[in-house]
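Residue numbers begin at 1 in each chain, while the letters A, B, ... track the order of the sequences. All values derive from a computational prediction rather than experimental measurement. Computed from heavy atoms alone, side chains included, the values below leave out hydrogens, waters and symmetry copies.
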Amino acid sequence: MQEVQSRDPREEDRYDAQRIEAKWHERWQQQENSLYAAEANSSKPKYYVLEMLPYPSGALHMGHVRNYSIGDALARYMWMNGYNVLHPMGWDSFGLPAENAAISNNTPPREWTLRNIANMKRQMKRLGFAYDWSREVTTCLPDYYRWNQWFFLKLYEKGLAYRKKSKVNWCPKCATVLANEQVVGGCCWRHEDTLVEQRELEQWFLRTTHYADELLRDLEKLDGWPEKVRTMQRNWIGRSEGAMVDFKLDGAADSVITVFTTRVDTIYGATSIQLAPQHPLVKDFTAKDAELRAQVDGMIAEQRKAKERGDLGEIEKHGVNTGRYAINPYNGEKIPVWVANYILMDYGTGAIMSVPAHDDRDFEFAKKYGIEIRQVIVPLQGDAAQELPFTAHGGKLTNSGLFDGLACDDAIKKMAAYAEKNGFGKATVTFRLKDWGFSRQRYWGTPIPMLYCEKDGIVPVAEKDLPVILPDNVDITLTGGSPLGRVPEFVNATCPKCGGPARRETDTMDTFVDSSWYFYRYTDANNNKAPFDSAKASYWFGDRGIDQYIGGVEHAILHLIYSRFWTKFMRDMGLIKNDEPVERLFTQGMVIKDGAKMSKSLGNVVSPDDMVARYGADSARMYSLFAAPPDRDLDWQDSGVEGVARFLARVYRFIAQNPVKAGTYSAEYSPNDLGPEGKKIQRKMHQTIWRITEDFKGRWHFNTSVAALMELLNECIGAPIFTSQEGPAMAFRADVQRKFVLMLQPFVPYLAYELWERLGEQESLLKAAWPTYDPALAKEEEIEIPVQVNGKLRSLVVVPAEATQDTIQERALADEKIKALIEGKQIIKVIVVPAKLINIVVR
RNA sequence: GCCGGGAUGGCGGAAUUGGCAGACGCGCUGGACUUAGGAUCCAGUGCCCUAAAGGCGUGCAGGUUCAAGUCCUGUUCCCGGCACCA
């Protein structure tokens, strides 16, 4: 640093974030495995706070810094409040970018990944995040992924993992299959500009639908989750109650069209059947009818295009009559069978009964093609001839045979029961949620522990043979087939059943497996006998799961639904007791710059390393909490970071340049010693403690916490009482300085530790008690009461805080300005809100 | 179309229970100190009005109330999610 010549000797001891942070960073490094370790047999209450683990892309971005600053502040606050805190970190380190890096710069995925981890861990440490590194989890290492394989065997045993051939999502850029959850608006979640194709492939699936009902129902319990996330999951699961009804195909007694409907009560109004173009029966119809075939193929192409454009709902409805008829099992009526472009094969049964009188889409379609529109529902009261389509539920049946007169809701139940009794249908529930497509045709993932034997078919790897190690030195290309298939030493194995030759599964697991249960591993990260010890997991998860989980909303569906599924499975295995993994979830907003998401192409990326180098970790962290409430988007402004750095410099001057050291003062002082100025500061201090404590309790508006600290400092700076050398004044200054540092600790640990030391304190700051506020001292003695006349602010009067209504009114009416205003007018009413305001209504 | 969130000075935001709108910070203006200032300190800063006085002001239009950013009705725009879901 440049030599500064200054008259003021204090100038030589300026706030130098780099020097302070380097000093404490060095000290903390030396005890990295013990400093923030959770206690093993603690009598304290437990608190598990967790931030979503990062993908090791190479470097942290500001979104990470924000995420971890929130979690770290909370962890430190809970430590100070006497909790046994678990605050771990790990790496979601399988995934495609490692393979892409391998291709583009010829570095093996493992090496690339581990190097990135080392760099990001360095950044986290430099930022001063308090993680228990002894529990670090790295998902791409065999000591972790072997348990993925173990879980897979358990899922297979229970019938929750299965293999089937079906249409699956395929990303051409990733050259792999994707789960439904990984398709966003028809495109790949990693390649927003790449349309996902449909391919017919044989794949492993996990039966997430087994828990569909529970996954939906338990959302009600998650009142510590943002409503937004619960709604998104509800939509995703998409439960709908209805009935399946079989329509026989006329003239082909063994051919049946099963339709799904939520409105079986309208079935007497069904005047056609509509099939999705991909419906299996359609193939039979088109086999001998080239013209029909051409039209159907056109519809399939049209649907695909619309899906790719993301406006499937916008295409114009059209269809083609197949010339066949189906028989309505309720009344024996023959109705025509059509193929229509608005019927989706992947929802329900891919076939509907069309009731134009009571469905908007069917109505539009029937109008276009002149299909009969037959009303079978009328309102409960009043005019039966209302406008069609009449889609409301609140009606009763007409033209419906023996069900005439029933209310819709009643009819839905009775008619489903009738179908079941007569063997042509039943009440049923459909879900939008599909089973989890689980196989990936990629290298950098957990090998699926399965074998294919010519004699025994699909054979699981024996538990004792786990882990199936992912080989190194694999030739990776993004063309055709799983890279592992090109490694004979890997592929060629022995069948554990017959001892004959067997071929290994060469697909790997979706990386979302890794994050589905990693937070349980943190409770027992070094266990090599089991994924974790049940007792340890139950201690940290309790009945309701992780106390506080913090991350981006982009995982509202993906990670958060898979991990809920995994938890339910582990509970049913008897490994854990909790039904849900996370009690409270917080989704922080994005970090943006100049109104846009940070991206290389826009050139608006702010690098954490750069911020740390320019302003220090403390400033970068505090700014990321100060600039906006944590749940909202944060528009990054370097000048704002500077402002925070200025504030910290003033804090430093207030304490480090004028400290009252431990042992140099008497701890006792009485408020009466302080005088009005000191009392005012004391009041402000207790109000500040109150505000920040409240913010931590759940509101989490750390921006106002920081503002409160700034206000307190503004009050203190330049106050004459802090230059006094008298006993009580010294004791008071000592108290203010200590409480200030304690409140800084969650937000700016480096500066807080430095100042704590400057104050001569020996106790560990991390576990020093959070200051308490005294409501009596926080209370104002005198307050300004706004005086309104007819609701408009006209004056202010100063009264004692406890002033009665009468006193306030007396003072207000005696006020010169008020007197002049109400002169000659009639007072109609006076409203006095004690300690708040007075409003005089005059005419 | 359905669901969730939002709109407050030049900017980020505050107002926790219907009770002084604009805390705190940025930026800007003026001043002090200084060889210098992109350091520090002091003062000012919603808009209109020469100042005082006064008036206006929380997307828009109404309403309830002594009193509305906050409650009610309607409406516009922005962000996010879902979507021919039968």
For R361(A) and C85(B), is the shortest distance between a side-chain N/O and OP1 or OP2 below 4.0 Å? yes

Regarding C66(B), can its base be found pairing with the side chain of K829(A) as donor and acceptor, where the two atoms are less than 3.5 Å apart? no

Using a 4.0 Å heavy-atom cut-off, does D359(A) contact any base of the nucleic acid, only the sugar-phosphate backbone, or nothing at all? nothing

Within the distance-only criterion (no hydrogens, no angle test), does the side chain of E241(A) pair as donor or acceptor with the backbone N or O of A427(A) below 3.5 angstrom? no

Just the rounded figure in Å: distance from P of G19(B) to CD1 of I785(A). 14 Å

Would you kindly check if the NZ (Lys) or CZ (Arg) of K317(A) is within the cone defined by 45 degrees around the ring axis of F365(A) and under 6.0 Å from the six-membered ring centre? no

Interatomic distance, K817(A) NZ vs A52(B) P [rounded to whole Å]: 13 Å

Any side-chain heavy-atom pair of I377(A) and C408(A) under 4.5 Å: yes

Just name whichever nucleotide pairs with C82(B), Watson-Crick or G-U, keeping both distances under 3.5 Å, else none. G1(B)

Taking the six-membered ring for Trp, are F260(A) and Y347(A) parallel (under 30°), tilted (30 to 60°) or perpendicular (over 60°)? perpendicular

Could you let me know what C77(B) is paired to, Watson-Crick or G-U wobble, both distances under 3.5 Å, or none if it's on its own? G6(B)

Write down the distance between CH2 (W700(A)) and C1' (A14(B)), rounded to a whole number of angstrom. 20 Å

From the candidates G13(B), C84(B), C41(B), the one with an atom nearest any side-chain atom of A628(A) is G13(B)

Looking at R683(A) and E715(A), is any side-chain nitrogen of the basic one under 4.0 Å from a carboxylate oxygen of the acidic one? no

Who pairs with G54(B) - Watson-Crick or G-U, where each distance is under 3.5 Å: C48(B)

Contacts of N839(A) and V833(A) projected onto RNA chain B by closest heavy atom; the upstream (5') one is V833(A)

Write down the partner of A32(B) under the Watson-Crick or G-U wobble criteria, each distance required to be under 3.5 Å. U40(B)

Interatomic distance where CG belongs to L219(A) and C1' belongs to C3(B) [whole Å]: 14 Å

What nucleic acid atoms does I828(A) come within less than 4.0 Å of, heavy atoms only: base, sugar-phosphate, or nothing? nothing

Partner of C11(B) by Watson-Crick or G-U wobble geometry, both contacts under 3.5 Å, or none? G25(B)

Gap between atoms CD and C1', on Q809(A) and C66(B) respectively (whole Å): 13 Å

The nucleotide from C84(B), C20(B), G80(B) with an atom nearest the side chain of K228(A) is G80(B)

Once you round it to whole Å, what is the distance between P of A53(B) and CZ of R794(A)? 12 Å

G59(B): syn or anti, per glycosidic angle within 90° of 0: anti

Between the main-chain N or O of A212(A) and the side-chain N or O of R239(A), is there a donor-acceptor pair closer than 3.5 Å? no

Within the distance-only criterion (no hydrogens, no angle test), does the side chain of S272(A) pair as donor or acceptor with the backbone N or O of I335(A) below 3.5 angstrom? no

Can you check whether R614(A) has a side-chain N or O nearer than 4.0 Å to OP1 or OP2 of G38(B)? no

Respond yes when some side-chain nitrogen or oxygen of S240(A) is under 4.0 Å from OP1 or OP2 of A86(B), and no when none is. yes

Can you tell me if K792(A) touches the phosphate of C56(B), counting only side-chain N or O atoms and a distance under 4.0 Å to OP1 or OP2? yes

Whichever of P629(A) and E784(A) has the more 5' nearest nucleotide on RNA chain B, that residue is P629(A)

Summary of protein contacts for nucleotides 21-26 of chain B, nucleotide by nucleotide, where a base hit scores B, a sugar-phosphate-only hit scores S (4.0 Å, heavy atoms): --BBSS

For K167(A), does the NZ atom have more than 12 heavy-atom neighbours from other residues, nucleotides or ligands under 6.0 Å away? no

Measure from CG on N790(A) to P on G55(B) and round the result to the nearest Å. 11 Å

Between H358(A) and T391(A) (side chain of the first, backbone of the second, donor and acceptor by atom type, cut-off under 3.5 Å), is there such a pair? no

Specify the separation, in whole Å, of atom CD1 of I237(A) and atom P of C82(B). 14 Å

